[in-house]
J.: 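My questions all concern the structure below.
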Amino acid sequence: MANEVLRALPAVDALLNNSAVAALLSAFGRPLTTAAIRNVLTEARAELQRDTLDSPPPSTDELIERATGWLRDQSAPTLHALINATGVILHTNLGRAPLSDEAQQAMLAVASDYNTLEFDLASGKRSKRSLHAEALLCQVTGAEAALVVNNNAAAVLLVLRALARRKGVVISRGQLVEIGGGFRVPDVLKQSGAKLVEVGTTNRTHLHDYEKAIATQENRVALILRAHHSNFRIVGFTTEPDLPELVALGRKHGLPVADDLGSGTLLETTTFGLGHEPTVQESLHAGADVVCFSGDKLLGGPQAGIVIGREGVVTKLKRHPLARAIRADKLCLAALSSTLLHYLKDEAVQKIPVWRMISMGVNEVEARAQRMVKAVGGELLAGKSTVGGGSLPAETLPTRLVGMRVRSPQRLAQRLRQHRIVARIQDDRVLFDLRTVPPTADSRLVSTLQQLLA
Ligand SMILES: *Cc1c(COP(=O)(O)O)cnc(C)c1O
């Protein structure tokens, strides 16, 4: 009996020639459509063999429907744009910094045509890709030289490898942090081939701890490294030498000083009611030989690792073979240049989404939240937005939240995610922070909620 039922399943070719499959063939192509049909037939056969009730085989329509579902799943993109209503401005899981309109357009222009990535139009000769963002970086920061690589983790790796391979790198114990996504300062040091010379204690490290480590010369120290604590803060009985003190120490012993700022910022964060995040300009002014920071944290640009500093040191980095393996691509350079231009033109706060969100007044968030409450119900609550991205740990911005009390907040949050909206859940409420939602997306948020609550 089972064999008869199996034989009742159509052949692959019969299904491919079915008129209902023509649309699938034109949408997905023959090889993928054939694979889909083979797949659903194999599954149907397995089902029938397991089946003890002698059920009839699935109809041709049913098989075609399953093949359609399989094709949709296989070809669906996994990287979707979404609405971030969490109030975390630099959310690493949600892609960190959204780009300005100008940066998006610059990427598109370079993506759709050939370009001058390594070509000089005036002479017709080969030029350098390093030209594009680096001059702007020097102009914006006042650095002698700059280099752009794939991300800041790669930038730190390059600095350590090029300047301190097989030699010692002195760093305070309090800075041996894990940043998230598996970036641990001691592990990166190990990968670079440099030797870790940790000094001081978790909470207190003094200049004489560095002095002693350099003086013993056991590890032939080649570099002094300072790393930002990133997403954690040591409070209470703490001390660490500041950058100018480390630079003075470096000069005394002929050692370069590298400063990994993590996020770094070109704008002073205290003007926006936040705590002070170390600025790139400060590090240069203090005399750091190289300063590293991310392109997609507070800079508000594409994923990139930016290294700026003294000409001689940066040239050494550029010539290192590892630099080629971690170089930035044309799309990144286009978006980064556009982003840097916003700083140069003194329009960063108006144009760069990250800064627009940081500088958005609580009144503006409240007005939008009130409109949302009017449309979908819920309550207006006082709350806090965070910057995230390893910058400004424990710092928050006052905000207004829309809170929805529903029977199952988990269920509502899940259904919102199906509509690509990510919200927060707290105290049995689903919370929306409009600070991180572009104002143009308010209406989509409202209409989706109306639909889900109906
Ligand atoms: C974020 C961060 C990094 C890594 O930067 P990516 O651009 O994510 O690779 C390195 N160091 C510090 C201190 C950071 O905060």
Side-chain angles (χ1 to χ4, degrees), residues 76-98 178-182 230-233 263 272-275 296-298 353-354 356-358 360-454:
T78 53
L79 202 51
H80 299 287
L82 57 76
I83 292 179
N84 169 17
T86 64
V88 182
I89 295 171
L90 291 169
H91 200 306
T92 296
N93 301 150
L94 305 184
R96 288 199 189 150
E178 175 175 308
I179 278 133
S230 199
N231 39 16
F232 115 110
R233 193 149 85 176
S263 171
F272 303 95
L274 291 161
D296 55 355
K297 291 184 180 172
L298 280 172
V354 166
R356 272 212 304 257
M357 294 175 200
I358 290 176
M360 185 175 289
V362 76
N363 293 343
E364 187 181 340
V365 186
E366 181 168 316
R368 292 168 58 199
Q370 249 158 2
R371 279 197 291 275
M372 184 166 158
V373 168
K374 222 178 231 166
V376 297
E379 13 171 13
L380 188 68
L381 304 160
K384 289 175 171 122
S385 317
T386 55
V387 177
S391 59
L392 297 158
E395 289 288 331
T396 56
L397 289 162
T399 196
R400 293 291 179 268
L401 306 165
V402 176
M404 306 293 300
R405 246 188 223 288
V406 286
R407 198 144 37 85
S408 168
Q410 299 291 345
R411 173 92 187 107
L412 178 59
Q414 187 213 348
R415 297 194 60 203
L416 282 162
R417 288 197 303 273
Q418 287 167 352
H419 290 264
R420 294 178 198 148
I421 295 169
V422 183
R424 252 197 276 167
I425 296 178
Q426 207 175 299
D427 304 329
D428 291 333
R429 286 192 191 93
V430 180
L431 298 177
F432 302 86
D433 186 344
L434 295 178
R435 183 184 293 282
T436 51
V437 177
T440 49
D442 285 5
S443 59
R444 177 158 101 72
L445 183 55
V446 164
S447 60
T448 307
L449 258 175
Q450 281 170 333
Q451 184 193 327
L452 293 181
L453 297 171

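Given the structure is predicted, the values throughout are model-derived calculations rather than measurements. The residues of the chain are indexed from 1 along the displayed sequence.
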J.: Please round to the nearest 0.5 Å and tell me the distance separating atom CG of Leu445 and atom CD of Gln450.
T.: 10.0 Å
J.: May I ask you to decide if Pro398's main-chain N or O and Arg435's side chain share a donor-acceptor pair within less than 3.5 Å?
T.: yes
J.: Looking only at heavy atoms, which two atoms of Ile425 and Ala413 are closest? And how far apart?
T.: CD1-CB, 3.7 Å
J.: Rounded to the nearest 0.5 Å, what's the gap from NZ on Lys297 to CG on Leu90? Could you check?
T.: 8.5 Å
J.: Working to the nearest 0.5 angstrom, can you tell me the gap between Asp442 CG and Arg368 CZ?
T.: 4.0 Å
J.: For the pair Asp433 and Val365, evaluate side-chain contact (heavy atoms from CB on, under 4.5 Å) and give the outcome as yes or no after the intermediate values.
T.: CA-CA 8 Å; Asp433 186 344; Val365 186; 4.2 Å; yes
J.: Please name the pair of heavy atoms, one in Pro98 and one in Val354, separated by the smallest distance, quoted to 0.1 Å.
T.: CD-CG2, 4.2 Å
J.: Kindly determine whether Val437 and Phe432 satisfy side-chain contact (heavy atoms from CB on, under 4.5 Å), including the steps that lead there.
T.: CA-CA 9 Å; Val437 177; Phe432 302 86; over 6 Å; no
J.: I'd like to check the salt bridge (charged side-chain N to carboxylate O under 4.0 Å, His left out) partners of Arg356; sequence neighbours left out, ordered by chain and number.
T.: none
J.: Rounded to the nearest 0.5 Å, how far does OG1 of Thr448 lie from NE2 of His419?
T.: 6.0 Å
J.: Checking Gln414 now: which residues fulfil side chain to side chain contact (heavy atoms under 4.5 Å, CB included) with it, not counting sequence neighbours?
T.: Arg411, Arg417, Gln418
J.: Enter the distance from Leu401:CG to Ser385:OG here, rounded to the nearest 0.5 Å.
T.: 7.0 Å
J.: Begin from the C-alpha positions of Met404 and Leu453 and carry the test side-chain contact (heavy atoms from CB on, under 4.5 Å) through to its verdict.
T.: CA-CA 10 Å; Met404 306 293 300; Leu453 297 171; 3.3 Å; yes
J.: Can you give me the closest heavy-atom contact between Leu380 and Glu366, atom names plus distance?
T.: CD2-CG, 4.0 Å
J.: Keeping Arg405 on the side-chain end and Arg429 on the backbone end, is there a donor-acceptor pair under 3.5 Å?
T.: no
J.: Side chains of Arg444 and Arg420: does their closest heavy-atom pair fall under 4.5 Å?
T.: yes
J.: Which heavy atom of Val430 sits nearest a heavy atom of Pro409, and at what distance?
T.: CG2-O, 3.5 Å
J.: What is the minimum heavy-atom distance between Ala441 and Ile83, and which atoms define it?
T.: CB-CD1, 3.9 Å
J.: Sequence neighbours excluded, which residues qualify as side chain to side chain contact (heavy atoms under 4.5 Å, CB included) partners of Thr436?
T.: Asn84, Ile89, Met357
J.: To check you understand the geometry: which heavy-atom pair defines the closest contact between Gly378 and Val373, and what is its length?
T.: O-CG1, 3.3 Å
J.: Rounded to the nearest 0.5 Å, what's the gap from CZ on Arg400 to CG on Asn363? Could you check?
T.: 8.0 Å
J.: Are Glu395 and Val387 close enough that some pair of their side-chain heavy atoms sits under 4.5 Å apart?
T.: no
